[in-house]
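Read the structure below first, then the notes.
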Number of protein chains: 2
Amino acid sequence: MKALSKSKAATIYEVAKHAGVSIATVSRALRDSDLVTEATRARVRAAVEALNYTPNQSGRALAEGRHAANGIVFPDLTGPYYAEVVLGYEEIAAELGRSVLILTTHGRRDAEAAVHDLAGRVDGLAVMGNTVGDDTVRAIAATGVPLVLLARPPVDGIDTIRTRNERTAAELAEHLVAHGHRRFVFAGDPQAAPDMAGRYAGLVKVLRAHGLPRPDLRPCAYDVEAGERVGAQLMADPPDAVVCANDEVALGVHIAAEAAGRSVPHDLAVTGWDDVLAARFAGLTTVTQPMRELGATAARWLDERIGERSTGPDRANPRRRVLPTRLVTRRSCGSHPVETPDPLGGTA
Amino acid sequence: MKALSKSKAATIYEVAKHAGVSIATVSRALRDSDLVTEATRARVRAAVEALNYTPNQSGRALAEGRHAANGIVFPDLTGPYYAEVVLGYEEIAAELGRSVLILTTHGRRDAEAAVHDLAGRVDGLAVMGNTVGDDTVRAIAATGVPLVLLARPPVDGIDTIRTRNERTAAELAEHLVAHGHRRFVFAGDPQAAPDMAGRYAGLVKVLRAHGLPRPDLRPCAYDVEAGERVGAQLMADPPDAVVCANDEVALGVHIAAEAAGRSVPHDLAVTGWDDVLAARFAGLTTVTQPMRELGATAARWLDERIGERSTGPDRANPRRRVLPTRLVTRRSCGSHPVETPDPLGGTA
DNA sequence: TTCGACTTTGAAAGCGCTTTCATCGCCGCC
DNA sequence: GGCGGCGATGAAAGCGCTTTCAAAGTCGAA
């Protein structure tokens, strides 16, 4: 019960010696093989206890030819969006006996190398959005590591899960037009992420269908501060509606508008995307996405692909899935609400 | 450039054969050792490219005797709190050349075993709050894996980083008392987490100092729904102030109060903890914590401990740090504000 | 009592990599 | 022209574990 001084972790050899058996027996006893006597198993367990043994998982991974770990790559954890995806992913991966390695590419220049390195540590990898280029994705897929792309356009024969952007954006746009809005601004960068491109496209399509002018495009980062800056610029000559790439931007625009003495939705409508908690309190019209499910589905698909790898057919027919999203109308989208009895709840 | 059909990842042996060198040379070429000719290196690189080689990190870890990975254990990613901590941790770990393995103990019964397993995959481990018992913490520390505890009372000689709870809670309580509040409720469970215990203790101390009755203790979970339930119960006979364990609970109470026709802060004050984005929009008085820094500091300390392990002295003198927190007063704490020119910003 | 069939255990190979140590050329120098 | 020295490379050991294969016990039946 001491061993504290040793500072070097015990190995299976020491456990074997302590228990008076071979390392093979120790391994079997710990793996719940029924090839060992109860008595032997007890002795081994006692030795494990005494030496405070923790199996080295690298050794195990090497011997088994698998890592028992999955990776996930995303731009950043900021905001609840990615956090929820990761959580759903981890939950299912853990159920399936896999650890989860995370990697954010946020402010890195060596992102591609880091992802490659990660690929060498895992049995399967989920990649979110525009974190790395298609070339890297293809190269990793070619090494045989199962991959699933999240919120990103499909690449070759690789499994992909997305959320519905264009159609729900169109629905949102129709709603705004029905409110009487005519001059639109889109705050966000369609080039920055595929999701954003879809949202922009949905908006553009509807405006065109109604013979309205194209939205004024204001590329910006995806945080409150960026929204505030865009909002402040707009306040000189406010449009009818500002469709924002996500809730953070929308909340920033909201703040800027009020700071400039404009009222939302009286003077202008503002909408977001993601339905963060704050959206509820700001009365922000937005869109909910099943983020947890996005992560969970990725983990399940990967597990299946990893299972397939040894047997059966390989990446013949890639899986594709688009998860539904849902418009949540609150008061920020227009001054004459047709809905929303509960100002905090939003419509179902 | 194909190898797609193989489905089996290339090893260093195949690269060596392809390049016409030994595996030692391949290893050296890839590790940027200056022991190889530029010409050789180029040949190796070409072979790596051609075979789409990704080094197996388990093999490397085993050979090097290190994992080049850190772990972090936390209850759940829900809410921005843990996400931010993880992000700060990952950022620094990545800078230091370490991957990050996450593990949530949320709804698990085998949490202790999972943490043990994780300990066998990493060079260092951060453990948040009440995720696992002290025994497990001690057992892992005894194996020689450097550990750092976050938001948790110190255990033996193990490094610990916390945020200031009791003192800032006292400050908050003083503020509320100054507002004239007398009957307090604490919504949250001091038994559930050490942080919560500290917040409760700070409140109790101040009330006693003022000769006021002890707060009415309402244990609850830490999400909006739990807050709503507690809030609904309280509305029959509203107290002067509801001090909540975190912002989510506070926002729930807020919702329940308004649903019951009570106004915050006119009829009762509500305060939270964490300063989530929504707190700004709900005008919630709360406390900010340097969560990112919490994670970042943990990653740095671990790196140092890992470095020490080979040389120098071991866990003789454990490190301890308490990160400062800061009261953010907004309108929810009292109806006659002494501060806060900007209703959305809060005071510095 | 003896033999075969199980059951339990041990010896050893091998997973993919790093690294020490030895070897092999090659250069410059005496 | 021979030799020491050095730079580049290869052979092989070993990291901690799992697993195959063989050996050693154990038991029941003949």
Side-chain angles (χ1 to χ4, degrees), chain A residues 8-44 47-48 51-69 116-117 119-123 143-145 310, chain B residues 6 8-44 47-48 51-69 97 116-117 119-123 143-145 310:
Chain A
K8 196 85 191 83
T11 71
I12 199 172
Y13 287 92
E14 302 163 44
V15 174
K17 184 182 300 177
H18 192 280
V21 297
S22 72
I23 61 164
T25 300
V26 172
S27 177
R28 283 192 278 252
L30 296 181
R31 327 239 46 238
D32 288 328
S33 157
D34 52 355
L35 287 165
V36 289
T37 320
E38 261 320 305
T40 311
R41 191 190 306 280
R43 289 227 310 290
V44 170
V48 166
L51 298 175
N52 215 312
Y53 170 65
T54 306
N56 179 321
Q57 300 291 335
S58 289
R60 181 184 293 222
L62 194 51
E64 289 186 337
R66 58 177 232 136
H67 299 275
H116 254 109
D117 179 280
R121 300 175 166 267
V122 298
D123 300 320
T143 66
V145 174
S310 42
Chain B
K6 289 285 295 182
K8 197 85 192 84
T11 71
I12 198 173
Y13 287 92
E14 301 162 46
V15 174
K17 184 183 301 179
H18 193 280
V21 297
S22 73
I23 61 165
T25 301
V26 174
S27 177
R28 285 192 275 254
L30 295 182
R31 326 240 48 237
D32 288 328
S33 156
D34 52 356
L35 287 164
V36 289
T37 322
E38 261 321 306
T40 311
R41 191 190 304 280
R43 288 228 310 291
V44 170
V48 165
L51 299 175
N52 216 310
Y53 170 66
T54 307
N56 179 322
Q57 300 291 334
S58 290
R60 181 183 294 219
L62 195 51
E64 289 186 337
R66 57 175 233 137
H67 299 276
H116 254 109
D117 179 280
R121 301 173 165 269
V122 299
D123 300 320
T143 65
V145 174
S310 43

Close N or O pairs between protein and nucleotides 26-28 of chain C (under 3.5 Å):
none

Is there a side-chain contact between [X] and [Y] in this structure, where contact means two heavy atoms from C-beta onward sitting under 4.5 Å apart?
| X | Y | result |
| --- | --- | --- |
| B/N56 | A/H67 | yes |
| B/Y13 | B/V26 | no |
| A/R41 | A/E38 | yes |

(Q) Could you measure the distance from the CG atom of A/N52 to the NE2 atom of B/H116? Nearest 0.5 Å is fine. (A) 6.0 Å
Closest heavy-atom contact between [X] and [Y]?
| X | Y | value |
| --- | --- | --- |
| A/L51 | A/H18 | CD1-CB, 3.9 Å |
| B/A19 | B/V44 | CB-CA, 4.1 Å |
| A/L30 | A/Y53 | CD1-CE2, 3.6 Å |
| A/S58 | B/L62 | CB-N, 4.2 Å |
| A/T25 | A/T40 | CG2-CG2, 3.5 Å |

Q: Take nucleotides 7-20 of chain D nucleotide by nucleotide from the 5' end and write B, S or -, depending on whether a protein heavy atom sits under 4.0 Å from the base, only from the sugar-phosphate, or from neither.
A: -SBBB--BBBBBBB
**Q.** Check against side chain to side chain contact (heavy atoms under 4.5 Å, CB included), B/R60 and B/R31
**A.** CA-CA 11 Å; B/R60 181 183 294 219; B/R31 326 240 48 237; 2.8 Å; yes
What protein N or O atoms touch nucleotides 22-26 of chain D N or O atoms at under 3.5 angstrom, if any, and at what distances?
none

